[in-house]
Protein chains: 2
Amino acid sequence: MFDHCLYFNTTALARQLERVWTEAFKPFELTPSQAFTLRAVLEKPGMLHSELADTLKIARATATRAVDGLAARGLLERRATKRDGREWEIHPTPAAVAIKDALNDASGAVTKRLKQDLGDGVFGDFVQQARSITGKLP
Amino acid sequence: MFDHCLYFNTTALARQLERVWTEAFKPFELTPSQAFTLRAVLEKPGMLHSELADTLKIARATATRAVDGLAARGLLERRATKRDGREWEIHPTPAAVAIKDALNDASGAVTKRLKQDLGDGVFGDFVQQARSITGKLP
DNA sequence: CTCCATTGATTAGCTATGCAACTATATGCG
DNA sequence: CGCATATAGTTGCATAGCTAATCAATGGAG
């Protein structure tokens with residue numbers, strides 16, 4: 001009924017992908033959101049909350065809660081910055097560093113599998129299109 | 001950092017589109033989810049919850065809650081079926097029927113605008129790709 | 001130097017979604 | 001018939017996301 005609707009089909013696909021990546025990160029007992037938050041911070045230790053929000057394209061409030069959760073799990077910690085008392089750096093703990101490679105590998109493995117299932121070109125084109133469309137929206 | 005990730009870019013786009021459609025349905029004081037639920041039922045009055053869930057590609061539990069909300073708003077009502085005491089038909093109220101065309105028009109207007117902004121071919125191709133990928137996922 | 005606007009982060013309150021467990025009704029087998 | 005299994009829908013619990021409002025620190029204008 002909504003076969004030609006961009007909103008409908010994109011959100012439906014997003015929900016489906018959520019399932020696939022949930023499965024991929026299950027061995028770590030991390031949700032996709034948690035895993036991507038962790039991967040972002042592991043890639044750039046010491047990033048601020050605002051940078052995290054920009055990187056993940058989520059609202060700052062959501063970034064706060066994501067960090068809360070991973071800090072409670074002992075995977076991230078906040079450190080005050082010297083230059084500005086409002087800012088907090090986000091650092092991975094040793095426990096997080098220990099799983100960094102496995103985490104990236106797990107995500108890479110899903111990507112590789114999907115590229116095979118869908119065709120490498122289709123996959124890449126679709127992702128580029130998605131990025132392009134996102135960039136053109138208000 | 002996640003420039004080539006299907007999951008990341010699709011979910012980010014979905015969130016962005018959520019904003020666009022939220023704006024489009026604001027005049028009706030309906031969220032996109034509510035509006036699409038209503039449009040589905042208006043298109044096929046008397047559909048069952050399981051049909052609604054299939055149509056919207058959501059879990060049955062989510063369909064239950066969507067109908068709850070719109071019934072509370074006086075836009076939908078449930079009616080028991082004769083043939084099976086477990087089933088409930090979902091019917092639009094006169095208030096829902098009254099806004100049917102305006103609702104479809106509002107969605108059509110956003111689509112039209114986006115097709116102009118993005119290019120008609122790009123838009124259509126992307127939607128088809130999204131549907132195709134959804135179909136190939138587990 | 002003081003006050004006000006700005007800015008980084010957090011909190012409050014809400015929506016949509018899912019899975020798993022439950023209720024109630026059907027249905028089919030012995 | 002009567003019980004066991006299957007099915008439609010609901011409920012409980014949890015996650016992630018958003019906006020708006022708030023808190024606290026900065027920094028500039030006068």
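When reading the values below, keep in mind they use all heavy atoms of this one structure, side chains included, and skip hydrogens, waters and symmetry mates. Chain identifiers are assigned alphabetically (A, B, ...) following the order of the sequence lines, protein sequences preceding nucleic acid strands; residue numbering begins at 1 within each chain.
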Can you tell me how far [atom2] of [N] sits from [atom1] of [X], to the nearest Å?
X       : N      : atom1 : atom2 : value
A/Asp84 : D/dA24 : CG    : C1'   : 10 Å
A/Ile58 : D/dG17 : CD1   : C1'   : 9 Å
B/Leu48 : D/dT10 : CG    : C1'   : 15 Å
A/Asp54 : C/dG8  : CG    : C1'   : 12 Å
B/Glu51 : D/dA8  : CD    : C1'   : 12 Å
A/Lys57 : D/dC18 : NZ    : P     : 12 Å
A/Glu89 : C/dA9  : CD    : C1'   : 14 Å
B/Gln34 : C/dT17 : CD    : C1'   : 14 Å

For B/Gln34 against B/Arg73, the heavy-atom pair lying closest together: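 Smallest interatomic distance, heavy atoms only, reads OE1-NH1, 4.1 Å.
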For the student: nearest non-hydrogen atoms of A/Ala35 and A/Leu103, plus distance: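 For A/Ala35 and A/Leu103, the tightest heavy-atom pair comes out as O-CD2, 4.2 Å.
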Checking side chain to side chain donor-acceptor pair (under 3.5 Å) for the pair B/Arg19/B/Gln16: CA distance, chi angles, key distance, verdict? CA-CA 5 Å; B/Arg19 278 200 198 97; B/Gln16 203 61 35; 3.0 Å; yes
Can any side-chain N or O of [X] pair as donor or acceptor with the backbone N or O of [Y] at less than 3.5 Å?
X       : Y        : answer
A/Asn9  : B/Gln129 : no
B/Thr10 : B/Leu6   : yes
B/Thr55 : B/Glu51  : yes

OP1 or OP2 of D/dG17 less than 4.0 angstrom from a side-chain nitrogen or oxygen of A/Ser33, does that happen here?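 True: A/Ser33 side-chain N/O within range (under 4.0 Å) of D/dG17 OP1/OP2.
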Any side-chain N or O of B/His49 under 4.0 Å from OP1/OP2 of D/dG9?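 True: B/His49 side-chain N/O within range (under 4.0 Å) of D/dG9 OP1/OP2.
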When you look at B/Glu23 and B/Lys26, which way does the salt bridge (charged side-chain N to carboxylate O under 4.0 Å, His left out) test go after all the steps? CA-CA 5 Å; B/Glu23 206 52 44; B/Lys26 194 165 267 176; 3.7 Å; yes
Heavy-atom contacts under 4.0 Å between residues 60-83 of chain B and DNA chain C, which residues?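 Listed by number, they are B/Ala61, B/Thr62, B/Arg65.
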For DNA chain C, find the residues of residues 8-32 of chain A with a heavy-atom distance under 4.0 Å and give them by number; none if there aren't any.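 Here the set is A/Arg15, A/Arg19.
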Classify the ring geometry between A/Phe8 and B/Phe36 as parallel (under 30°), tilted (30 to 60°) or perpendicular (over 60°).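 If you compare the ring of A/Phe8 with that of B/Phe36, the planes turn out parallel.
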Output the distance between atom CG (A/Leu118) and atom CG (A/Asp125), rounded to the nearest 0.5 Å.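 Rounded to the nearest 0.5 Å, the CG-CG separation comes out at 12.0 Å.
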With hydrogens left out and only the distance checked, is there a donor-acceptor pair under 3.5 Å joining A/Arg86's side chain and the base of D/dT26?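 Between D/dT26 and A/Arg86, which were checked side chain against base, a qualifying N/O pair under 3.5 Å is absent.
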